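Given the structure is predicted, the values throughout are model-derived calculations rather than measurements.
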Amino acid sequence: MAKTETDQRQHLEDIKLQHDEALCRNEAFTPAEAQLCRDKISEAEMVLVGLGEEFDCNGLQKCPQYGAGLESLNAMGLGMLIPAWNGFCSGKCTEKQGKGTAGKALERLRVLLESKNYFVVSTSTSNEIYQTAWRTGRLVMPCGAAVKKQCVKGCAEVLEEITREEDSGLRAYFENLYAGQPADKIPCLLGKCPVCGSDMVLNNIYAEGYNENGYLEQWQLYKKWLQGTVNKKLLILELGVGMRFPTVIRWPFEKAAYFNNKAFFYRVNKKIYQLTEELSGKGSGISQNAIDWLCGL
């Protein structure tokens, strides 16, 4: 028997009630619940987004070339190349496995947020996050990425964009690494520091002497924006964030949700999706890979 319009409305209200009261869940959204999430984005005055580790190496763990290359980089003390290696391998591995790609997921998120007052905070070091066409000044990446270079000794005034030639050199190096032919010695891929003559390295959390000047200005803008969320209808999207740097996203986002009576919190993570007792009734924990979740939203 076909449902009346009243029955359909009641059904959606029942779903909404279950959705809003859920402390956590371990299955994917239904189409109706996905629509409710889109509605929450549309209704929010401000949207706070956190992007985490699931954007670093989505699906790459099953790629043997990725794992072998990762071991080689760590053994040679080239951890600062890991973000670039992640990006290189993503194009080779994840599509073969039929996974949703980070680029598609991020573009979906950008479109959903296009007309909103939002800020994106990322503990991921993915270049795709950096390169997504967010509104100017609305992204901060405290852990860096693979788009800037710094002095390995941490000379504070030395912070530069990598050149096309350097990017090409990195890709050539990674092609050999992917083929199981790592260099016999540590290569100098990014030139020398103009101040002290030491090697230049990628500016990210894996670098020795990480130069945090690459993100501090944006961090101040973010803190000012966050102060403006008080008493606003705030939607928090914590996507793929684990426990690697909980003081950057996970704990501050919980605090923002707890003290704002108009806030609603989505925590999407394949493994660590549970919400705290204090957020019962104010959020939903989704046990799903954040990239796949966004691709289906």
Side-chain angles (χ1 to χ4, degrees), residues 47-60 66 73 78-95 100-114 116 118-151 158-171 173-174 189-190 200-207 210-223 225-226 237-242 244-245 248-249 290-291 294-295:
V47 183
L48 175 60
V49 180
L51 303 176
E53 297 94 307
E54 287 185 347
F55 288 85
D56 282 335
C57 51
N58 181 48
L60 294 181
Y66 170 74
L73 292 176
L78 295 174
M80 56 85 187
L81 291 181
I82 289 175
W85 176 240
N86 289 343
F88 175 83
C89 289
S90 290
K92 288 183 173 287
C93 298
T94 55
E95 291 183 3
T101 66
K104 290 178 182 178
L106 291 166
E107 180 58 19
R108 176 60 177 155
L109 177 61
R110 187 197 66 80
V111 170
L112 287 168
L113 298 177
E114 197 164 23
K116 309 306 297 183
Y118 68 86
F119 215 108
V120 179
V121 185
S122 174
T123 53
S124 167
T125 53
S126 168
N127 275 11
E128 289 184 288
I129 293 174
Y130 182 87
Q131 292 163 352
T132 298
W134 311 109
R135 190 173 306 145
T136 302
R138 296 306 177 92
L139 169 70
V140 62
M141 299 182 71
C143 297
V147 293
K148 295 180 181 179
K149 61 181 182 177
Q150 62 162 83
C151 173
V158 181
L159 197 61
E160 304 172 358
E161 298 280 338
I162 65 170
T163 66
R164 289 185 179 181
E165 291 76 14
E166 288 165 343
D167 184 63
S168 296
L170 285 172
R171 293 191 64 82
Y173 176 75
F174 289 150
L189 299 169
L190 300 172
M200 295 288 279
V201 297
L202 291 179
N203 175 237
N204 57 60
I205 196 70
Y206 298 101
Y210 176 41
N211 186 346
E212 298 186 68
N213 288 331
Y215 77 86
L216 287 178
E217 183 177 345
Q218 278 301 110
W219 186 256
Q220 293 304 315
L221 290 176
Y222 161 60
K223 287 172 62 177
W225 181 92
L226 190 61
L237 301 175
E238 186 195 278
L239 308 177
V241 179
R244 187 170 60 177
F245 302 108
V248 178
I249 293 178
I291 291 173
L294 279 173
C295 287

* What's the verdict on side chain to side chain contact (heavy atoms under 4.5 Å, CB included) for Trp134 and Val49, showing C-alpha distance, side-chain angles and the deciding distance? -> CA-CA 12 Å; Trp134 311 109; Val49 180; over 6 Å; no

* **Of Ser124, Ser90, Ser126, the residue whose pairing with Asp56 passes side chain to side chain donor-acceptor pair (under 3.5 Å)** => Ser124

Working to the nearest 0.5 angstrom, can you tell me the gap between [X] [atom1] and [Y] [atom2]?
{"X": "Tyr173", "Y": "Phe88", "atom1": "OH", "atom2": "CZ", "value": "12.0 Å"}
{"X": "Glu212", "Y": "Ile205", "atom1": "CD", "atom2": "CD1", "value": "6.5 Å"}
{"X": "Asn204", "Y": "Met80", "atom1": "CG", "atom2": "CE", "value": "8.0 Å"}
{"X": "Leu221", "Y": "Leu226", "atom1": "CG", "atom2": "CG", "value": "12.5 Å"}
{"X": "Ile291", "Y": "Arg108", "atom1": "CD1", "atom2": "CZ", "value": "15.5 Å"}

* Asked: For residues 135-151, which residue pairs qualify under salt bridge (charged side-chain N to carboxylate O under 4.0 Å, His left out), counting only residues two or more places apart or in two chains?
  -> Lys149-Glu160, Lys149-Glu166

Hey, does [Y] have a side-chain heavy atom less than 4.5 Å from the side chain of [X]?
{"X": "Phe55", "Y": "Ser122", "answer": "no"}
{"X": "Ile162", "Y": "Met200", "answer": "no"}
{"X": "Leu112", "Y": "Glu114", "answer": "no"}
{"X": "Leu48", "Y": "Tyr118", "answer": "no"}
{"X": "Leu51", "Y": "Leu109", "answer": "yes"}
{"X": "Thr132", "Y": "Leu139", "answer": "no"}

Non-hydrogen atoms of [X] and [Y] that approach each other most closely:
{"X": "Ala290", "Y": "Leu239", "result": "CB-C, 3.7 Å"}
{"X": "Ala102", "Y": "Glu128", "result": "CB-OE1, 3.4 Å"}
{"X": "Cys143", "Y": "Thr125", "result": "O-CG2, 3.4 Å"}
{"X": "Thr123", "Y": "Gly52", "result": "OG1-CA, 3.6 Å"}
{"X": "Leu202", "Y": "Gln150", "result": "O-CG, 4.2 Å"}

* Asked: Take atom CD in Glu217; do more than 12 heavy atoms of anything else shown fall under 6.0 Å from it?
  -> no

Please check: side-chain N/O of [X] versus main-chain N/O of [Y], any donor-acceptor pairing under 3.5 Å?
{"X": "Tyr130", "Y": "Met141", "answer": "no"}
{"X": "Glu53", "Y": "Gly242", "answer": "yes"}
{"X": "Asn127", "Y": "Ala146", "answer": "yes"}
{"X": "Asn203", "Y": "Asn211", "answer": "yes"}
{"X": "Trp85", "Y": "Phe174", "answer": "no"}

* Asked: Considering residues at least two apart in sequence or located in another chain, which fulfil the ring-ring contact (aromatic ring centres under 6.0 Å, His included) criterion with Phe119?
  -> Tyr222, Trp225

* **Residues that Tyr206 engages under ring-ring contact (aromatic ring centres under 6.0 Å, His included), provided they are two or more places apart** => none

* Asked: Which is it for Val248 and Trp219 under the side chain to side chain contact (heavy atoms under 4.5 Å, CB included) test, yes or no, and what are the steps along the way?
  -> CA-CA 11 Å; Val248 178; Trp219 186 256; 4.1 Å; yes

* **Electrostatic pair Lys104:Glu107 at N-O distance under 4.0 angstrom** => no

